[in-house]
Chemist: 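For reference, the structure I am asking about is given below.
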Amino acid sequence: MIKKLFLLFTLLVSVNILFADDINVWKKSTLNQILERGELRVGLEPGYMPFEMKDKKGRVIGYDVDLAKEMAKAMGVQLKIIPTAFDGIIAGLLTNKFDVIIAGMTITQQRNLKINFSEPYLVVGQTVLLNKNYKDEIKEAKDLDNAKYTITAKLGQTGEIVARKFFKNAQINTFDTEAEAVAEVLNKKAVAFINDQPYNAMFMDAKGKDKLIHMDKPLTYEPLAFAIKKGDPDFLNWLNNFLRQVKEDKVQDTYQRLYDKWFIDTSWLEKVQ
């Protein structure tokens, strides 16, 4: 009898410890801190059309910004956008400068060693913007792999990784912003620019007509996702359920509405700096 009581007592203690651990995990979770703070802090870098950029009044707008607004609304909190240079954005997350990265960030195994990703909210690929003067000698992307060609990309983004992987013989020059990198191609200082397909398509429509050729066959498969700190299952669960709801709810149709607004309709280009 005493042995049975001891086993029952041990079991109850174990259950209480597990329950207490679960409560502690929730209290420490980013999601709980957001709710207590009443504010969702989002890290991104303006300048990546159409995901995040500044309008003529200096306000940050874009697909990711609208998605973040929907996220904050679903949480019942205020949204705070924290502009951050992309090459330091993971460090910013890890040092608690913001709660989540929503910045057109591609899931990569290297990044995944440091941070966790939600399910993808969009899938893109890297494409090439080619100076039109080279249309006769460069028929497909592989033709760029030549020492006589200079290719540009934004520092630290997937475009740089892809450029160095696929075009080992070419000269790869990197820049702090997409605008600086693609300007080299417009000014005939480089042959091609590598970046995400949506950005390249938007740039073609805005400034690339009659000057560039969009080689729009994707070189890669790149899922874009929200990024959070490791060890935060409650926040990750919420983000994935949020995405599922946004994508599948055809009554609100938020997912398609935002996609059409930023990737189909290009009238927003008139508002951009």
Chemist: Do Ile81 and Leu79 touch side chain to side chain, with heavy atoms closer than 4.5 Å?
Modeler: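 Side-chain contact under 4.5 Å: yes.
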
Chemist: Report yes or no: do Glu180 and Thr177 form a side-chain donor-acceptor pair below 3.5 Å?
Modeler: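 Yes, Thr177 and Glu180 have a side-chain donor paired with an acceptor closer than 3.5 Å.
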
Chemist: The criterion is ring-ring contact (aromatic ring centres under 6.0 Å, His included); which residues satisfy it with Phe263, sequence neighbours excluded?
Modeler: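 ring-ring contact (aromatic ring centres under 6.0 Å, His included) check on Phe263 returns Phe51, Tyr63, Tyr259.
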
Chemist: Can you find a pair of side-chain heavy atoms, one from Lys80 and one from Val42, that are under 4.5 Å apart?
Modeler: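 Answer no - side chains too far apart.
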
Chemist: Are Ile264 and Val123 joined in one hydrophobic group, where the rule is that I, L, V, M, F, W and Y side chains link up if heavy atoms are under 4.5 Å apart?
Modeler: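 No; tracing contacts between hydrophobic side chains, which count when under 4.5 Å, never links both residues.
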
Chemist: Search all heavy atoms of Lys56 against all heavy atoms of Val272 and return the closest pair with its distance.
Modeler: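 Scanning both residues completely, I find the closest heavy atoms to be CE-O, 3.6 Å.
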
Chemist: Ring pair (Phe, Tyr, Trp, His ring centres under 6.0 Å): which pairs involve residues 162-208, sequence neighbours left out?
Modeler: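 Found none.
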
Chemist: Do the side chain of Gln33 and the main chain of Lys28 share a donor and acceptor less than 3.5 angstrom apart?
Modeler: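 Between the backbone of Lys28 and the side chain of Gln33 there is a qualifying donor-acceptor contact (under 3.5 Å).
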
Chemist: Is there side-chain contact between Gln109 and Leu113, with heavy atoms separated by less than 4.5 Å?
Modeler: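 In short, these two side chains do not touch, never coming nearer than 4.5 Å.
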
Chemist: State the CD-OG1 distance between Glu222 and Thr106, to the nearest 0.5 angstrom.
Modeler: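 That separation rounds to 4.0 Å.
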
Chemist: How would you list all residue pairs meeting salt bridge (charged side-chain N to carboxylate O under 4.0 Å, His left out) that involve residues 88-106, not counting sequence neighbours?
Modeler: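 Every pair satisfying salt bridge (charged side-chain N to carboxylate O under 4.0 Å, His left out) with a residue in residues 88-106: Arg37-Asp99, Arg41-Asp99.
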
Chemist: Under 4.5 Å between any side-chain heavy atoms of Val185 and Leu212, yes or no?
Modeler: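 A side-chain contact exists here, since the closest heavy-atom pair is under 4.5 Å.
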
Chemist: Would a hydrophobic clustering, with Ile, Leu, Val, Met, Phe, Trp and Tyr connected at side-chain separations under 4.5 Å, put Val182 with Met215?
Modeler: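 Val182 does not cluster with Met215.
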
Chemist: Does Phe86 share a hydrophobic cluster with Val100, counting links as ILVMFWY side-chain heavy atoms below 4.5 Å and allowing steps through other members?
Modeler: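 Each belongs to a different hydrophobic cluster.
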
Chemist: Is any side-chain heavy atom of Leu224 closer than 4.5 Å to one of Pro120?
Modeler: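 Pro120 does not reach Leu224 side chain to side chain.
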
Chemist: Would you mind listing every salt bridge (charged side-chain N to carboxylate O under 4.0 Å, His left out) that reaches into residues 100-120, with sequence neighbours excluded?
Modeler: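 Output for this query is empty, none listed.
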
Chemist: Is it true that, when you exclude Gln78 itself, more than 12 heavy atoms of the residues, nucleotides or ligands shown sit nearer than 6.0 Å to its CD?
Modeler: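 No, because the 6.0 Å sphere around CD of Gln78 holds 12 heavy atoms or fewer from other groups.
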
Chemist: Shortest non-hydrogen contact from Ile102 to Leu44?
Modeler: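 Scanning both residues completely, I find the closest heavy atoms to be O-CB, 3.4 Å.
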
Chemist: Please examine the side chains of Gln245 and Thr254, heavy atoms only from C-beta on, and report whether any two atoms are closer than 4.5 Å.
Modeler: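 No, their side chains stay 4.5 Å or more apart.
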
Chemist: How many angstroms lie between atom CD1 of Ile115 and atom CD of Gln110, to the nearest 0.5 angstrom?
Modeler: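 Here the interatomic distance stands at 10.5 Å.
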
Chemist: If you measure from the Lys or Arg side-chain nitrogens to the Asp or Glu carboxylate oxygens, is any gap between Lys27 and Glu36 under 4.0 Å?
Modeler: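 Salt bridge absent between Lys27 and Glu36.
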
Chemist: Enter the distance from Met105:CE to Ile89:CD1 here, rounded to the nearest 0.5 Å.
Modeler: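 Between atom CE of Met105 and atom CD1 of Ile89 there are 5.5 Å.
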
Chemist: Any carboxylate oxygen within less than 4.0 angstrom of a Lys/Arg side-chain nitrogen, looking at Asp143 and Lys139?
Modeler: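 Salt bridge between Asp143 and Lys139, a charged N being under 4.0 Å from a carboxylate O: no.
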
Chemist: With rounding to the nearest 0.5 angstrom, report the CD1 to CG distance, Ile213 to Leu129.
Modeler: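 The distance works out to 10.5 Å.
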
Chemist: Between Asp66 and Lys261, is the closest basic N to carboxylate O distance under 4.0 Å?
Modeler: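 A salt bridge is present here (some side-chain N lies under 4.0 Å from a carboxylate O).
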
Chemist: Applying salt bridge (charged side-chain N to carboxylate O under 4.0 Å, His left out), run through Lys165 and Glu160 and close with a yes or a no.
Modeler: CA-CA 9 Å; Lys165 178 180 178 180; Glu160 179 189 2; over 6 Å; no

Chemist: For the atom pair CG (Leu155) and OG1 (Thr174), what is the distance rounded to the nearest 0.5 Å?
Modeler: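 Answer rounded to 0.5 Å: 4.5 Å.
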
Chemist: Say you draw a straight line from NZ of Lys168 to CG of Asp145; how long is it, rounded to the nearest 0.5 Å?
Modeler: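 The distance works out to 9.0 Å.
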
Chemist: Is the number of heavy atoms from other residues, nucleotides or ligands within 6.0 Å of CD (Glu140) greater than 12?
Modeler: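 Enclosed.
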
Chemist: What pairs of residues pass the salt bridge (charged side-chain N to carboxylate O under 4.0 Å, His left out) test when at least one of them lies in residues 243-254, not counting sequence neighbours?
Modeler: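 For residues 243-254: none.
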
Chemist: Tell me whether Val128 is reachable from Tyr134 by hopping between hydrophobic residues (I, L, V, M, F, W, Y) whose side-chain heavy atoms are closer than 4.5 Å.
Modeler: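 Both belong to a single hydrophobic cluster.
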
Chemist: May I ask you to test the Ile194-Ile172 pair for a side-chain heavy-atom distance under 4.5 Å?
Modeler: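 Ile194 vs Ile172: side chains apart.
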
Chemist: Determine the minimum heavy-atom distance between Ala192 and Leu130, stating which atoms define it.
Modeler: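 The pair with the smallest heavy-atom distance is CB-CD1, 4.3 Å.
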
Chemist: Decide yes or no for Leu144 and Val191: does some side-chain heavy atom of the first lie under 4.5 Å from some side-chain heavy atom of the second?
Modeler: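 Side-chain contact under 4.5 Å: yes.
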
Chemist: With respect to Thr127, which candidate in Asn200, Asp216, Asn195 satisfies the side chain to side chain donor-acceptor pair (under 3.5 Å) definition?
Modeler: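 Going through Asn200, Asp216, Asn195 one by one, the side chain to side chain donor-acceptor pair (under 3.5 Å) with Thr127 is satisfied by Asn200 alone.
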
Chemist: Under the criterion side chain to side chain donor-acceptor pair (under 3.5 Å), I'd like the reasoning laid out for Thr150 against Asn173: C-alpha separation, chi angles, the key distance, then a yes or no.
Modeler: CA-CA 7 Å; Thr150 297; Asn173 291 344; 4.9 Å; no

Chemist: Name all pairs fulfilling the ring pair (Phe, Tyr, Trp, His ring centres under 6.0 Å) condition that reach into residues 208-239, sequence neighbours left out, sorted by first residue then second.
Modeler: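 Listed by first then second residue: Tyr121-Phe226, Trp238-Phe242.
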
